K.L.:
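Have a look at this one.
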Amino acid sequence: MDIPDIAITLLKVVITVNVVLLHVAYAVWCERKVIGHMQARLGPMVVGPHGLLQPIADFVKLFFKEDVIPTNADKPVFFIAPVIGVIAALSSLAVIPLWENFSIANLNIGILYILALSSVGAYGIILAGWASNSKYAFLGGLRSSAQVISYEIAMGLSLVGVMMLAGSANLSDIVNAQAKYPFILVQPIAFFVFLMSVIAETNRPPFDLPEAEAELVAGYFSEYSGMRFGLFFMAEYAAMFVMSAMVVVCFLGGWNGPEFWIFSHVPKIVWFLLKVYGLMFLYFWLRATLPRYRYDQLMGIGWKIFIPLALANIVITGIIKLL
Amino acid sequence: MLPQIFFAYFAVVITVLSILVITRKNPVHSVIWMLVLFVHIAALYIFLNAEFLAAIQIIVYAGAILVLFLFVIMLLNLKKEEQERKFHGYWPLGVLAGTFFIVFFILILSKISVFPKLGPYSIQAIQSEGSIMTIGKVLYTDYILPFEIASIVLLVAIIGAVVLAKKRIE
């Protein structure tokens with residue numbers, strides 16, 4: 001690797017991270033709008049036309065807020081916990097192929113890299129809960145780590161079927177293998193298990209037990225304020241974006257779109273983004289529609305339904321591939 | 001030159017981190033340093049062109065085992081154990097054993113002059129078909145017996161855990 005290559009990679013990193021952070025900011029606005037309209041409200045309307053400048057106002061507010069640290073909190077751990085979450089979510093972007101030949105790093109172990117980083121992301125949550133020196137935060141952290149570990153298994157297992165069909169763990173190869181038809185048609189069970197596990201993995205409703213407001217105030221980040229709170233928010237939405245992109249890459253055909261009439265002239269990135277936006281909308285839709293699960297139900301679904309389903313899917317895929 | 005610098009960095013940092021892990025008073029801090037240590041070991045695997053091993057190192061050790069460590073440490077009340085001296089009395093023995101092994105290894109390594117012949121799995125061979133496929137093929141052909149034994153051992157452990165958990169309820 002010589003200097004021009006490094007410069008191009010750096011440029012790619014800067015562009016991707018900035019575009020994703022912009023998406024994160026407007027995903028929050030979009031969520032408030034969508035949920036507002038679903039509940040027959042207007043959502044944010046005051047700052048800018050239809051509240052379009054709301055994310056900027058929120059950012060400025062979070063940035064200038066006083067940073068409160070609880071007494072007897074473990075300060076170094078308290079400081080690094082939100083950073084771990086953000087770094088894990090943003091580093092996952094490195095392997096996601098946004099369109100043909102555009103991924104920052106075209107790793108052969110792309111899927112494993114994403115799984116590894118999502119398991120590192122759990123440390124941000126569990127350490128935040130522990131370092132806050134607060135019962136609510138601690139319980140939220142414990143719940144969340146148990147949830148994330150359980151659903152990671154189902155997540156990993158449901159991707160095995162995709163890897164078997166594509167014959168590779170490289171995300172670009174997986175998209176290329178879906179040139180004719182997306183894998184959702186041949187792997188419906190894996191798609192369902194992966195989608196649900198992803199929602200649990202990112203701590204989103206109806207599986208947002210770690211931050212169950214009614215019981216735990218705000219869960220693991222109860223004690224955080226100002227920009228550190230903002231970092232947790234950013235980590236959650238960045239993880240949603242990354243995981244939606246994973247669903248698109250592994251099951252919905254990635255950047256591939258319909259190839260007839262005027263559709264074949266549309267840039268590939270548009271198809272990719274449209275699918276990602278659809279999945280983000282699904283996140284908001286579920287949050288507006290479904291009540292929260294009970295904790296034992298959540299663990300029961302994960303271990304007794306999703307993991308056996310994912311295992312059965314591997315066996316069935318294997319048998320069909322042999323025939 | 002660059003490879004040597006990289007290796008020196010990782011060797012030094014891994015040693016320092018290992019010492020940090022065993023000298024922290026607070027067990028949660030030990031676990032955090034261990035996490036950093038695992039990431040460095042994974043980097044060392046990537047350095048050796050074993051990217052699959054690196055990913056597994058992070059997923060299994062950092063993602064599963066270390067989180068369980070953290071779980072257990074947080075649920076135990078370690079305040080009392082921290083003050084007791086019973087965990088700190090063995091260090092002279094440890095230093096003795098450590099020095100013995102360091103001298104032992106240095107003596108052995110200084111005697112080695114002939115390097116073994118390279119096997120069929122050179123870096124080019126692995127890169128041509130990917131490290132996952134190479135490891136899979138070797139595991140399911142040449143090393144099928146140890147692989148199956150390992151899986152039976154794990155199965156026994158799972159059954160043991162279930163039995164232990166069931167006893168409580170009755």
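Being a predicted model, the structure only gives us computed values, none of them experimental.
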K.L.:
Within a radius of less than 6.0 Å around CZ of Phe47(B), do more than 12 heavy atoms belonging to other residues, nucleotides or ligands occur?
P.N.:
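Above 12, so yes.
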K.L.:
In this structure, are over 12 heavy atoms from other groups packed under 6.0 Å from Met133(B) atom CE?
P.N.:
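Atom CE in Met133(B) is not crowded, with 12 or fewer foreign heavy atoms closer than 6.0 Å.
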K.L.:
On a heavy-atom basis, which atom in Glu51(B) and which in Ile109(A) lie closest, and how many Å separate them?
P.N.:
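For Glu51(B) versus Ile109(A), the nearest heavy atoms are O-CD1, 3.4 Å.
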K.L.:
Looking at Ile132(B), Leu35(B), Val60(B), which one has more heavy-atom pairs under 4.5 Å with chain A than the rest?
P.N.:
Leu35(B)
K.L.:
Among Val148(A), Ile80(A), Ile84(A), Leu112(A), which residue has the highest count of heavy-atom pairs closer than 4.5 Å to chain B?
P.N.:
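Of the candidates given, the most pairs with chain B belong to Leu112(A).
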K.L.:
Grab the two heavy atoms, one from Ile126(A) and one from Phe71(B), that are nearest each other, plus how far apart they are.
P.N.:
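Closest pair (atom of Ile126(A), atom of Phe71(B), distance): CD1-CD1, 4.1 Å.
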K.L.:
Tell me, with the steps shown, if Tyr123(A) and Leu70(B) meet side chain to side chain contact (heavy atoms under 4.5 Å, CB included).
P.N.:
CA-CA 9 Å; Tyr123(A) 280 95; Leu70(B) 209 54; 4.0 Å; yes
K.L.:
Sort Ala146(A) into side chain, backbone, both or neither according to what part of it lies under 4.5 angstrom from a heavy atom of chain B.
P.N.:
both
K.L.:
Return yes when atom CZ of Phe79(A) has more than 12 non-hydrogen atoms of other residues, nucleotides or ligands closer than 6.0 Å, and no otherwise.
P.N.:
yes
K.L.:
Roughly how far, to the nearest 0.5 Å, is the CD1 atom of Ile59(B) from the OH atom of Tyr113(A)?
P.N.:
12.0 Å
K.L.:
For Leu142(A), is it the side chain, the backbone, both or neither that has a heavy atom under 4.5 Å from a heavy atom of chain B?
P.N.:
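Answer is both: backbone and side chain atoms of Leu142(A) are under 4.5 Å from chain B.
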K.L.:
Leu117(A), Leu107(A), Leu127(A), Val120(A): which one forms the most heavy-atom pairs within less than 4.5 Å of chain B?
P.N.:
Leu127(A)
K.L.:
More than 12 non-hydrogen atoms from neighbouring residues, nucleotides or ligands closer than 6.0 Å to CZ on Phe38(B), yes or no?
P.N.:
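Yes, the 6.0 Å shell around CZ holds more than 12 heavy atoms from other groups.
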K.L.:
Walk me through it: do Asn108(A) and Phe52(B) pass the test side chain to side chain contact (heavy atoms under 4.5 Å, CB included)?
P.N.:
CA-CA 9 Å; Asn108(A) 281 328; Phe52(B) 178 69; over 6 Å; no
